[in-house]
Number of protein chains: 2
Amino acid sequence: MLSTHTTRETDRPMTRTERVHVALRMAILEQRLAPGARLPEDMIGEAFGSSRTIAREALGRLATEGLVELKPNRGAFVANPTLEEGRGIFVIRAALERAMVRQLAGRIDVETARTLHQMVEDETRLAEKSDVEAIRLAGEFHLYLARLCGNPLLERYLTEIVSRCSLVMAIYGRPHSADCGAREHREIVEAIVAGDFVGAGNLMERHVEEVATRAQLGTRAEVDVRSILAEVAAQVP
Amino acid sequence: MLSTHTTRETDRPMTRTERVHVALRMAILEQRLAPGARLPEDMIGEAFGSSRTIAREALGRLATEGLVELKPNRGAFVANPTLEEGRGIFVIRAALERAMVRQLAGRIDVETARTLHQMVEDETRLAEKSDVEAIRLAGEFHLYLARLCGNPLLERYLTEIVSRCSLVMAIYGRPHSADCGAREHREIVEAIVAGDFVGAGNLMERHVEEVATRAQLGTRAEVDVRSILAEVAAQVP
DNA sequence: TCTGTCAATATCGTATGCAATATAAGACAA
DNA sequence: TTGTCTTATATTGCATACGATATTGACAGA
């Protein structure tokens, strides 16, 4: 059994808004809904057998998560963050995750430590088998750490940020670049367990930055409509 | 003129939801609405001459900001964060503001530097005159730095966090404790302008932590009903 | 052929009505 | 007096209707 960590005990049967919300989030993160796609309230309501009220609220939440853009009197669109926004998101992520592991360092009981090691183990094993699974597990790892902090706001922010990062990587990342590097995760876990909060913080900060650069976020230039038009024009005989 | 920095050019005449939203936020932060107070949609809609739809949406936004708590099928209440949540919020704030000034260090043009010095000047001058004004200016200072980063998400998070901090301090802080310390601000500005990103980061991190401790967030114990009852019982003859 | 104006359409912003749910109050028995 | 059951009330959850707004396409004029 690989992902006991992901089970979220839904005591409440999940409100309709929530259902639509998570379904749309999934679809966007899996790129089944392409960035820039229109998301009319009517269409969503119809698709889920609900009214626009539900669709509207779900879209509102997705907008605060940064996954959709809400243009007043125009409608909702799947977000299409610029490369610069993407970099900004990773900056915040690095800062939050640094603080997170610093706080965690030396405050992990043996049971939790075992779980963390197990997660890294699973990641390593899956790294060569299934890309998509490995990426999912890597995300789980970061979110699990956030949960351990016992800081609800930190957890919320990190959940949101991880979503945004996934979207940015889906847009700008090259294939396979999203791997989180199980080895880096292992080093971080070891630093945390050892109580080395400075080392853990630095490792995590560097880790996040490297994920960003591996995704080519540092090198690829902003898509410039003008230059593309020039290219296209040049190809016309 | 003290606060040109606060002018937000509202190109759009501000939607009704927004109006209710900011009005309620003000009221909560000024403690005109006490923590724990009920906020029925009907009542709010009536008060603002709008329908429940508007009130509902405003409450939803305030909930994501952490200023109101939304209990399903029960209603909305002014948030009443625990002391522990309050500490967690300051942890995040320290992390974000550290990253913020590190990014800013050495990237400030002379015009902006002048503005920053002016803000610190104003704070110093008002520090002895008007408490409430000084506190407001201090908040402006932090938010202005966030705006300078050009990172929309960072700006949003920090706005949200500053609100939450205000609420926490209103609940748990002792009077006058919220002063941000204009001298600390001056040191930070100087480090930023000098391009000393390590120093600026450390100063800011410490500064936020000290604001938290000055507010007694580090010392005061959680209110424990049991112990209070014991005290009361002991006083009974 | 190009550009400006206008109508048609699609979609959102808002109000309101009805059903569902949770709390609170009251009655009653132990 | 206390515990439990029932009923009443307050309030939200959700759907729908109507007016407001932006975009699209057609058409007239240059």
Side-chain angles (χ1 to χ4, degrees), chain A residues 10-25 27-28 33-80 225 229 233 236, chain B residues 10-25 27-28 33-80 225 229 233 236:
Chain A
T10 57
D11 39 359
R12 302 193 62 75
M14 213 184 208
T15 175
R16 296 181 210 211
T17 297
E18 226 171 319
R19 253 200 298 273
V20 176
H21 180 188
V22 301
L24 285 180
R25 173 159 59 197
I28 292 172
L33 291 170
R38 296 214 56 192
L39 299 172
E41 295 173 358
D42 278 332
M43 184 187 297
I44 294 171
E46 201 175 333
F48 286 91
S50 304
S51 77
R52 276 179 49 214
T53 308
I54 304 297
R56 185 180 179 76
E57 192 161 332
L59 287 173
R61 295 192 191 178
L62 288 166
T64 76
E65 284 181 80
L67 294 186
V68 319
E69 192 175 351
L70 244 39
K71 303 188 183 177
N73 274 313
R74 293 269 333 270
F77 302 81
V78 177
N80 200 354
V225 178
L229 286 179
V236 174
Chain B
T10 58
D11 39 359
R12 301 193 62 75
M14 213 184 208
T15 174
R16 297 183 210 210
T17 298
E18 225 170 320
R19 253 200 297 275
V20 177
H21 180 188
V22 300
L24 285 181
R25 175 161 55 197
I28 292 172
L33 290 169
R38 296 213 57 191
L39 299 172
E41 295 173 359
D42 278 333
M43 183 186 298
I44 294 171
E46 201 176 333
F48 286 89
S50 304
S51 76
R52 279 178 45 216
T53 308
I54 304 296
R56 187 182 179 75
E57 193 160 332
L59 287 173
R61 295 191 192 178
L62 288 166
T64 77
E65 284 181 81
L67 293 186
V68 320
E69 193 176 351
L70 243 40
K71 303 189 182 176
N73 274 314
R74 292 270 334 269
F77 302 80
V78 177
N80 200 353
V225 178
L229 285 179
V236 173

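As a basis for the values below, the full set of heavy atoms in this structure was taken, side chains included, without hydrogen atoms, waters or symmetry mates. First the proteins, then the strands, lettered A, B, ... as listed; each starts at 1.
Summarising the geometry, the separation between CE on A/Met43 and C1' on C/dC12 is reported as 14 Å, rounded to the nearest angstrom. Rounded to whole angstrom, the span from the NZ atom of B/Lys71 across to the C1' atom of C/dT21 amounts to 16 Å. When the P atom of D/dT9 is taken as reference, atom CG of B/Asn73 falls 20 Å away, rounded to whole Å. Distance A/Arg16 CZ to C/dA19 P: 14 Å, rounded to the nearest Å. Spacing between atom CD of A/Glu41 and atom P of C/dT14 amounts to 11 Å, rounded to whole angstrom units. In this structure, the CZ atom of B/Phe77 is 14 Å from the P atom of C/dA22, given to the nearest Å. What separates CD1 of A/Ile44 from P of C/dT11 is a distance of 11 Å, to the nearest Å. Regarding B/Leu39, its CG atom lies at a distance of 18 Å from the P atom of D/dA10, rounded to whole Å.
Taking 4.5 Å as the limit, some side-chain heavy atom of A/Leu24 sits within range of a side-chain heavy atom of A/Leu59.
Only A/Arg52, A/Arg56, listed by number, bring a heavy atom of residues 46-58 of chain A to less than 4.0 angstrom from any atom of DNA chain C.
For A/Thr64, there are no side chain to side chain contact (heavy atoms under 4.5 Å, CB included) partners two or more places apart in sequence or in a different chain. Residues satisfying the salt bridge (charged side-chain N to carboxylate O under 4.0 Å, His left out) criterion with A/Glu69, sequence neighbours excluded, are absent altogether. Annotation: salt bridge (charged side-chain N to carboxylate O under 4.0 Å, His left out) contacts of A/Arg61 (sequence neighbours excluded): A/Glu57. Remark: A/Ala47 pairs with no residue by the side chain to side chain contact (heavy atoms under 4.5 Å, CB included) rule, at least two apart or across chains.
Here salt bridge (charged side-chain N to carboxylate O under 4.0 Å, His left out) pairs that include residues 41-51 of chain A, with residues two or more places apart or in two chains, are A/Glu41-A/Arg52, A/Glu41-A/Arg56.
Between B/Thr15 and the phosphate of C/dC12, there is no side-chain N or O to OP1/OP2 separation shorter than 4.0 Å.
If you find the closest nucleotide of DNA chain D to A/Thr17 and to A/Arg74, the one lying nearer the 5' end belongs to A/Thr17.
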